[in-house]
Amino acid sequence: MSIYDTLNPPQREAVFHTEGPLLILAGAGSGKTRVLTHRIAYLMDEKQVNPWNILAITFTNKAAQEMRDRVDRLVGFGAESVWVSTFHSACVRILRRHIDRIGYDTSFTIYDTDDQKTLIKDICKRLDIDTKQYKERYLLSQISHAKDELITPDEMERKAIGDFRLKKIAEVYREYQTSLRKNNALDFDDLIMKTVELLQSCEDVLESYQERFRYIMVDEYQDTNSAQFKLVSLLASRYENLCVVGDDDQSIYRFRGANIGNILGFERVFPGAKVIRLEQNYRSTRNILNAANHVIANNVERKAKTLWTENDEGAKVNFRQFLNGFEEAEYVAGEISKAKREGRRSYGDSAILYRTNAQSRLFEEKFLLANIPYKIVGGINFYARKEVKDLLCYLKTIENARDDIAVRRIINVPKRGIGATTIGKVQDYAEYMDISFYDALRVAEEIPGLGRGLSKLDGFVTFIQMLKSKAAYMTVKELLEEVIEMTGYVEELRQENTEEARARIENIDELISKTVSYQEAMEAEGKPATLEGFLEEIALVADIDTVDPDQDYVLLMTIHSAKGLEFPTVYLVGMEDGIFPGYLTISSEDPTEMEEERRLCYVGITRARQELTLTAAQQRMTRGEVQYNRVSRFVREIPREYVDLGHQIQKKRPQMNAFGSGDALSQMKMAFQTGSAGAAQRNNAYSPSGPPGVFKPRDFQVTKADSLDYGVGDTVRHIKFGVGIVKNIVEGGRDYEVTVDFDKTGVKKMFAGFAKLKKL
DNA sequence: TCTCCATCGTTTTTT
DNA sequence: ACGATGGAGA
């Protein structure tokens with residue numbers, strides 16, 4: 001009996017095929033992580049490959065950690081020498097050693113999106129760019145895309161002949177790169193691009209890594225971009241032992257440059273590549289898998305495949321529609337409480353998945369109210385919070401004073417009486433002398449026209465110099481506390497004595513504890529804990545990496561963040577046209593955008609192991625105004641036979657019916673008119689303390705009278721026109737005039753008595 | 001130089 | 001609805 005006996009035949013084939021290029025097309029839940037870990041174990045145990053000759057690239061640090069743990073359990077020892085990391089951290093490791101070969105300092109800092117924005121703003125000012133015409137966001141995304149495709153400013157300029165707009169962008173791009181280099185900084189995309197540049201320009205470096213990484217594995221291959229592809233091909237070109245695992249149906253990162261051609265064209269680039277398909281799903285019930293298969297089948301651009309499973313049929317996929325987002329959230333909170341109370345599920349079994357981060361708020365509110373422990377993944381990054389960022393910029397300045405962005409951020413935080421005018425003068429001088437901002441500060445007395453600002457600048461420089469000298473012998477934690485102490489940052493917040501200030505102090509405390517856990521982690525690995533290392537870790541951790549599987553909380557996150565994860569119970573919320581798929585996608589000319597959105601839906605559905613609930617709201621507050629959305633087309637793509645609409649519950653509780661209770665109706669009207677939290681909360685039917693199994697009937701309609709069983713926003717069927725959505729209802733003399741937007745025939749007005757509309 | 005208020009635009013999705 | 005930004009006034 002060996003560890004490989006538990007694998008199915010194609011899995012085993014993938015594990016044993018170690019030499020030469022290999023493409024594993026692994027459907028959702030088909031055990032690809034198992035294959036990868038067993039493959040690493042096989043290489044080490046059976047093929048006597050040295051662990052340090054193996055490189056495995058994962059999508060997140062969390063996945064890397066998990067993979068390492070699992071390999072550890074399989075092979076006993078040696079797993080710690082395998083390089084398992086994300087593209088970004090692998091590149092940082094390489095660059096820290098060799099980037100001096102291409103003109104950077106090995107102590108470079110890494111810019112996050114915030115820093116990038118600040119920098120690009122500066123540049124627009126400097127180059128006198130009209131930011132109405134060229135939005136900073138747009139410029140950054142163009143630069144980022146160029147880097148994803150390994151396009152240099154020179155190349156962009158060459159391509160821009162006759163294209164004024166592109167020429168302008170190239171100009172900004174060039175200036176942006178120059179500034180980054182001056183600041184001794186790299187942005188996220190640079191990490192990949194500069195590594196490729198390094199390997200291409202230094203033959204010896206390339207060779208050493210080719211020798212080192214004789215076996216390379218890439219997970220989530222469908223989401224690699226061109227630069228990452230180039231990087232992998234360079235490294236693998238010597239031994240060609242490249243194994244990539246992916247699923248074209250789960251490609252959801254095109255917006256950040258992921259090139260689906262990498263997976264679709266793998267066999268062309270690596271002739272003789274072996275292709276193995278893993279199509280048996282071990283994760284989900286048959287109902288869930290069927291639903292997923294039917295949705296994704298609507299995509300044209302895909303490698304045909306059908307996932308199957310031997311798992312039980314399981315419960316049907318639930319679909320529930322609610323009047324508004326509050327009730328949707330209340331329902332989900334209620335279901336989770338109920339499952340916990342009945343001992344069916346612990347909190348950690350459930351995940352709420354949504355399209356956009358903004359949707360988390362309603363759920364957060366209800367979870368607080370219902371005392372459900374939860375963790376929101378993503379959204380505003382912890383390290384992007386103002387107070388955290390401020391303090392980090394002190395640390396960054398201490399580490400790399402050439403980082404102008406960091407220095408300028410903190411020079412007047414807290415207030416030192418150094419204003420924009422003074423900063424501007426220093427800036428001009430630095431530019432004129434071609435030195436860094438900080439170096440200009442150090443020779444401030446030479447800068448003309450500073451006046452009384454000079455002494456303040458001196459004070460700042462002395463302060464930083466003192467911290468720099470202390471950094472030599474202090475731990476990161478001590479240094480951070482020193483900064484807090486000396487700047488009076490926390491003290492100032494304490495005096496504010498507001499709720500907000502207290503939250504900020506809490507965040508700062510959390511930052512301090514992060515320095516401690518960093519210290520501990522390094523000590524455990526026998527590595528020195530450095531300031532540089534700490535800053536690097538912070539730059540590269542994704543929020544998802546901090547999720548602790550031992551904690552019992554409900555996870556709330558975007559579907560993007562949920563990639564690669566699985567849960568016994570999944571709530572896919574906000575399933576409405578206009579939300580998911582987003583209205584930008586719906587109105588887009590490009591049909592492939594809808595396909596990407598559908599793949600995202602597929603990813604969402606396939607996260608669920610046993611229970612899947614899809615929810616939608618008829619009306620929703622978006623950007624301050626009420627929107628009426630119809631049920632998502634993706635929901636409608638799931639055949640009825642796999643779906644439970646939950647009608648029967650409603651009949652059991654007639655007292656909940658709006659038509660039996662005028663009071664309830666007026667409350668609903670209020671909720672309808674104002675969409676206010678108050679109105680919805682008074683209707684707290686899902687309160688965890690309330691009777692179990694209470695379900696608010698979806699036929700709880702808001703119309704002017706109680707003789708129609710549908711309302712605005714409802715989906716209805718007409719005998720002739722088919723399915724449509726109610727847009728408007730006007731009370732006429734005898735009858736109601738109903739406006740309906742039909743799928744096939746468009747908008748029609750009709751009398752309710754005549755039309756015999758049937759609510760779906 | 002700082003603070004307060006009005007105006008504007010903004011939303012996908014993330015390493 | 002919200003946060004960022006810019007202008008006006010202290």
Side-chain angles (χ1 to χ4, degrees), chain A residues 57-64 85-92 110-114 116-118 121 131-132 135-138 140-141 144 147-148 186-192 220 223-225 227-228 251-258 353-362 377-381 383-384 386 412 414-424 451-453 456 536-545 557-564 574 578-588 593 596-597 599-601 603-604 620-627 675-677:
Chain A
I57 303 276
T58 57
F59 204 69
T60 61
N61 294 299
K62 181 167 180 274
S85 69
T86 64
F87 270 107
H88 295 271
S89 16
C91 286
V92 170
I110 301 165
Y111 273 6
D112 63 18
T113 18
D114 238 43
Q116 288 179 287
K117 241 206 214 136
T118 317
K121 256 184 218 161
T131 53
K132 288 261 152 56
K135 300 247 174 64
E136 284 99 342
R137 215 162 42 79
Y138 171 74
L140 273 176
S141 78
S144 171
K147 289 181 179 181
D148 287 343
L186 300 181
D187 65 18
F188 281 120
D189 304 307
D190 277 340
L191 294 178
I192 315 289
E220 308 284 7
D223 285 319
T224 51
N225 62 33
Q228 292 166 333
S251 164
I252 53 172
Y253 279 102
R254 200 176 54 168
F255 71 92
R256 75 173 202 212
L353 307 183
Y354 35 75
R355 179 66 238 270
T356 61
N357 281 306
Q359 289 169 260
S360 67
R361 257 196 48 192
L362 287 174
V377 177
I380 325 119
N381 191 325
Y383 297 108
K386 184 185 175 300
N412 200 29
K415 304 266 178 292
R416 296 190 177 87
I418 304 173
T421 330
T422 310
I423 293 174
R452 61 204 159 78
K456 290 168 180 159
E536 182 175 308
E537 186 165 297
I538 276 169
L540 295 179
V541 292
D543 209 10
I544 191 77
D545 298 332
M557 66 187 121
T558 63
I559 306 169
H560 281 92
S561 307
K563 185 166 96 143
I579 305 284
F580 186 32
Y583 96 103
L584 282 171
T585 314
I586 293 173
S587 51
S588 163
E593 282 192 27
E596 169 125 342
E597 202 84 348
R599 288 194 292 271
L600 189 59
C601 181
V603 169
R620 194 178 284 279
M621 284 287 250
T622 325
R623 291 201 277 271
E625 53 188 304
V626 183
Q627 277 192 343
S676 80

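Everything numeric here is computed off the predicted structure, so don't read it as measured data. In the text below, chain A, chain B and the rest are named by the order of the sequence lines, each starting its count at 1.
Summarising the local packing, NZ of Lys456(A) is surrounded by more than 12 heavy atoms from other residues, nucleotides or ligands at distances under 6.0 Å.
Judged by centroid separation below 5.5 Å and plane tilt below 30°, Phe255(A) stacks onto the base of dT13(B).
Across all strands, Arg599(A) comes closer than 4.0 Å to no nucleic acid atom at all (heavy-atom distances). Residue contacts shown for Phe580(A) are absent, as no nucleic acid heavy atom lies under 4.0 Å away. Here Asn357(A) lies in heavy-atom contact (under 4.0 Å) with sugar-phosphate atoms only. Heavy atoms of Lys563(A) sit nowhere under 4.0 angstrom from any nucleic acid atom. Contacts of Thr60(A) with the nucleic acid, taken as non-hydrogen atoms under 4.0 Å apart, are absent. Among the atoms of the strands shown, none is found under 4.0 Å from any heavy atom of Lys117(A).
As rounded to whole Å, 13 Å separates atom C1' of dT14(B) from atom CD1 of Ile192(A). With rounding to whole Å, Tyr383(A) atom OH is found 13 Å from dT15(B) atom P. What separates NE2 of His560(A) from C1' of dT14(B) is a distance of 8 Å, to the nearest Å. Atom pair Gln228(A):CD and dT15(B):C1' shows a separation of 9 Å (rounding to whole Å applied). At whole-Å resolution of the value, CG in Asp189(A) and P in dT15(B) are 13 Å apart. At whole-Å resolution of the value, CG in Leu600(A) and P in dT13(B) are 11 Å apart. Atom CD1 of Ile586(A) is separated from atom C1' of dT11(B) by 15 Å (rounded to the nearest Å). The CG atom of Leu584(A) sits 17 Å away from the P atom of dG9(B) (whole-angstrom rounding).
OP1 or OP2 of dT15(B) has not a single side-chain nitrogen or oxygen of Asn225(A) nearer than 4.0 Å. For the OP1/OP2 pair of dG9(B) and a distance below 4.0 Å, the side-chain nitrogens and oxygens of Lys135(A) include no atom meeting the criterion. When the side-chain nitrogen and oxygen atoms of Thr622(A) are compared with OP1 and OP2 of dT11(B), none of them lie within a distance under 4.0 Å. Between Arg137(A) and dG9(B) there is no side-chain N or O to OP1 or OP2 distance below 4.0 Å.
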List, with names and distances, any nitrogen or oxygen atoms from the protein found under 3.5 Å away from nitrogen or oxygen atoms belonging to nucleotides 1-7 of chain B.
unit_1: dT1(B); atom_1: OP1; unit_2: Gly419(A); atom_2: N; d: 3.1
unit_1: dT1(B); atom_1: OP1; unit_2: Thr422(A); atom_2: OG1; d: 3.1
unit_1: dT1(B); atom_1: OP2; unit_2: Thr421(A); atom_2: OG1; d: 2.5

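The pair Asp148(A)-Arg256(A) does not meet the salt-bridge criterion, since no charged nitrogen lies less than 4.0 angstrom from a carboxylate oxygen.
Nucleotides dT13(B) and dA4(C) have their P atoms positioned 16 Å apart, rounded to a whole Å.
Under a 3.5 Å cut-off, the side chain of Glu596(A) and the backbone N or O of Arg254(A) do form a donor-acceptor pair. In terms of modelled atom types and a separation under 3.5 Å, the side chain of Asp545(A) and the main chain of Asn61(A) share a donor-acceptor contact. Without hydrogens or angle criteria, Ser587(A) side chain to Tyr583(A) main chain gives a donor-acceptor distance under 3.5 Å. Without hydrogens or angle criteria, Tyr111(A) side chain to Phe188(A) main chain gives no donor-acceptor distance under 3.5 Å. Put simply, the side chain of His88(A) never gets that close to the backbone of Leu191(A): no donor and acceptor are under 3.5 Å apart. With Gln228(A) contributing its side chain and Ile192(A) its backbone, the two residues share no donor-acceptor pair below 3.5 Å. A donor-acceptor distance shorter than 3.5 angstrom exists from the side chain of Thr118(A) to the backbone of Asp114(A), with no hydrogens or angles considered.
If Glu597(A) and Thr86(A) are placed on DNA chain B by their nearest nucleotide, the residue sitting closer to the 5' end is Glu597(A). Projected onto DNA chain B by closest heavy-atom contact, Tyr583(A) and Val377(A) fall at different nucleotides, the more 5' of which corresponds to Tyr583(A).
For the 3.5 Å distance criterion, the side chains of Thr356(A) and Gln359(A) qualify, holding a donor opposite an acceptor.
Across all non-hydrogen atoms, the minimal contact from Tyr253(A) to Asp223(A) is N-OD1, 3.3 Å.
Using a 4.0 Å cutoff to heavy atoms of chain A, the contacted part of DNA chain C runs 5' to 3' from dA1(C) to dT5(C).
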